[in-house]
A.B. asks: 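Have a look at this one before I ask anything.
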2 protein chains.
Amino acid sequence: MSDADQRSYHHGDLRQALLDRAAEVIQSRGIEALTLRGLARDLKVSHGAPNRHFSCKADLLTAIATEGYSQLMRATLSAANDVGNDPWVRLNAMGQGFVHWALNNTAQFNTTMHPDLSLYESAELKQATEAFRLTIKEAVAATQELGNHSEEDLETLNLFTISVPMGAAMLLTQKDGLATHVKRDKLVADLIELVVPIRERTS
Amino acid sequence: MSDADQRSYHHGDLRQALLDRAAEVIQSRGIEALTLRGLARDLKVSHGAPNRHFSCKADLLTAIATEGYSQLMRATLSAANDVGNDPWVRLNAMGQGFVHWALNNTAQFNTTMHPDLSLYESAELKQATEAFRLTIKEAVAATQELGNHSEEDLETLNLFTISVPMGAAMLLTQKDGLATHVKRDKLVADLIELVVPIRERTS
DNA sequence: AATCAATGTAGACAGCGACTACATTGATCG
DNA sequence: CGATCAATGTAGTCGCTGTCTACATTGATT
């Protein structure tokens, strides 16, 4: 469908094209500067066409965030599956996978973190968010049964475990932040090691 | 000046009134719904009056964030000064103070986390941000000298230490259920204890 | 008392969100 | 096969917003 972008009266896959272009605009000019009419111009469709897929800007942002959570969950699960069955090693990989996904998809990540989203109360987004959090929570619980802060309340341990990759991704994706660090992979690995230590286990 | 809001041709302190009202609007209707003209209506001034203080919406958001970082630094330093001189205990208190400030000032906190801010490249905001981060970094360094992950790179340890309150505040301000949690103080204390443990030291 | 910089007002214009009525098309089904 | 129809795109409109300009008011300075 990617080469049917220009030809016919109908676009082919305008919805996805809008989501993709929106990510580019957010990256370069920010969420505030994102406009439905601007996207329509960029994709050479009429100014009303985007409304067939997103009734308003809030709808568009919600959809980007929903897609973002979906991608983020896939990325973290994929990272876990790459490292075997040890719950500790898996949770560590998920944390690293989180940060790497955020750094590789800053526009989507920033949109998922947009504070307005909770006001829109989208059922779709809520479901994607909860699915992701549940995935993390199960992984945290699995390590706790193996002795990861076994005395701690799971709720607290879970909050702690998610906060590190999330907070770090926030800081690292900000342009002037610590993003210019030389060895990103090492920094992320060292960081997550402080939350879910595995080096003694894998050595 | 707070009672000169209505009378004269000149407002008295329109700038601060705009900042205060903006925080209310952000809280109730979100950053996207915030408009300069809307603020002007709320404060019964002409639609162009806000431009004398904030040339555009980006300027306003930047100012809110700058004020936010300033308040956040005061809050964390104040929390540290309340607990004495032990660097561990101080850093722990700063972490808790961070989260509590964020939960008590969700509009300002969310604005400081707005991903667009880094694109605006405000020197004023950058200075406030750096001042805050330096404060934290010094506190982290002080604990490292006393054995807090002394083998770790300070950059990594600092990222870890900031990420927890930042990420937790992000999560807790969205999930409105936990923000008003009865045992909020305990949750925050337990959380920060996982980053900067002090209970063995103070018992 | 005159002056002036700061601050507020009024008007104008283009761009945007959001709605409506209308047009085109590919898929479905008799 | 050809008619039908839901999905999707177009064109027009309206009120609101950002942003600029010219003008008005006022408190402070001298």
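What you see is a predicted model; the values in this text were computed from it and never measured. A note on names: the letters A, B, ... follow the listed sequences, proteins ahead of strands, and every chain is numbered from 1.
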A.B. asks: Just how far, in rounded Å, is P of D:dT26 from CG of B:D13?
C.D. replies: 19 Å

A.B. asks: Please check if atom CD in B:E124 has more than 12 non-hydrogen atoms from other residues, nucleotides or ligands closer than 6.0 Å.
C.D. replies: no

A.B. asks: Quick one: B:H53 NE2 to C:dA6 C1', roughly how many Å, whole number?
C.D. replies: 9 Å

A.B. asks: Taking protein heavy atoms under 4.0 Å as touching, what does nucleotides 11-18 of chain C look like 5' to 3' if B marks base contact, S marks sugar-phosphate-only contact and - marks none?
C.D. replies: BB---BBB

A.B. asks: Can you measure B:R15 atom CZ to C:dG8 atom P for me and round it to whole angstrom units?
C.D. replies: 12 Å

A.B. asks: Output yes when a side-chain donor or acceptor of B:T173 lies under 3.5 Å from a complementary backbone atom of B:M170, and no otherwise.
C.D. replies: yes

A.B. asks: Starting from C1' on D:dT8, measure out to CG on A:L43 and report it in whole angstrom.
C.D. replies: 15 Å

A.B. asks: With A:I192 as reference, evaluate A:I198, A:L187, A:T161, A:N92 under the side-chain contact (heavy atoms from CB on, under 4.5 Å) test and give the passing residue.
C.D. replies: A:N92

A.B. asks: Kindly say whether A:F109 contributes a backbone atom to a donor-acceptor pair with the side chain of A:T112 at under 3.5 angstrom?
C.D. replies: yes

A.B. asks: Rounded to whole Å, how long is the line connecting atom CZ of A:F54 with atom P of C:dC19?
C.D. replies: 16 Å

A.B. asks: Going by salt bridge (charged side-chain N to carboxylate O under 4.0 Å, His left out), name the residues that satisfy it together with B:R21, two or more places apart in sequence or in a different chain.
C.D. replies: B:E24, B:D42

A.B. asks: Hey, which of B:N85, B:T76, B:N81 is the one that makes side chain to side chain donor-acceptor pair (under 3.5 Å) with B:R90?
C.D. replies: B:N81

A.B. asks: Figure out the CG/P separation between B:L61 and D:dT17, and round it to whole Å.
C.D. replies: 16 Å

A.B. asks: Round to the nearest Å and state the distance from B:R52 atom CZ to D:dC23 atom C1'.
C.D. replies: 10 Å

